[in-house]
Every structure is written in structure tokens, then in C-alpha cells.
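Okay, structure first, notes after.
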Amino acid sequence: MTSEVDETPGMTEALGYEQARDELIEVVRRLEAGGTTLEESLALWERGEELAKVCRRWLDGARARLDAALAEETSDEPDAE
């Protein structure tokens, strides 16, 4: 396996959304290009799955923050009755 794919578990968790997204794009590009061994392809796929989870957590967190802000804004408005 290449060192480009190997990451310690804590390193993935520390990635920001943009970093994880950009690395995921690169992983997908490499998988689509082919030319890697089965072992390298599996390692890339596993890395891609981890990166996708990081992106999903960031997006879910952002959605929760937006929902909370909208709910707070709505509760602060006086009733229109």
C-alpha cells in the first residue's frame, strides 16, 4: 500500500470539510483512472469511505446548526395573530 492512502484514525477525524472533500475527489479520480493493484484499489476505497463519513458529519453538523438557528429565529418572532 502507498503512504498516500494510509492515515492514522485520528488524522481523518481532524480533517476539515474542504480537506476531506478534496482528498475524496482525488481518491475517486485515482480509482476511476485505474492502473492500481487490487490491494491499492481496496485501500483507496476504504480511505474514500472514511473521507465520505467525515464529509457527512460536517454536513450533518452544519444542517443541525442551521436548523437550530432557524428554530431560534422563529421562536423569537411574535405571533402574527
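Values reported hereafter were calculated over all heavy atoms of this structure, with side chains retained and with hydrogens, waters and symmetry mates removed.
- Residues Glu18 and Arg21 have side chains in contact (heavy-atom distance under 4.5 Å, counting atoms from C-beta outward).
- Ile25 and Leu31 fall into different hydrophobic clusters, where Ile, Leu, Val, Met, Phe, Trp and Tyr are joined by side-chain heavy atoms under 4.5 Å apart, directly or via other members.
- Of the inter-residue distances, the one linking Leu24 atom CG with Arg29 atom CZ reads 12.5 Å to the nearest 0.5 angstrom.
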Inset, instruction - Test Leu51 against Leu15 for side chain to side chain contact (heavy atoms under 4.5 Å, CB included), laying out the working first. - result: CA-CA 9 Å; Leu51 292 165; Leu15 288 176; 3.6 Å; yes
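- Taking the charged nitrogens against the carboxylate oxygens, Arg30 and Glu40 have no contact shorter than 4.0 Å, which rules out a salt bridge.
- The local environment of CZ in Arg57 is crowded, with over 12 non-hydrogen atoms from other residues, nucleotides or ligands closer than 6.0 Å.
- Smallest separation of non-hydrogen atoms from Thr36 and Ser41: OG1-OG, 2.6 Å.
- Note on Arg47 versus Glu50: salt bridge recorded, some NZ/NE/NH1/NH2 to OD/OE distance being below 4.0 Å.
- Within the 3.5 Å criterion, the main-chain N or O of Lys53 finds no donor-acceptor partner in the side chain of Trp58.
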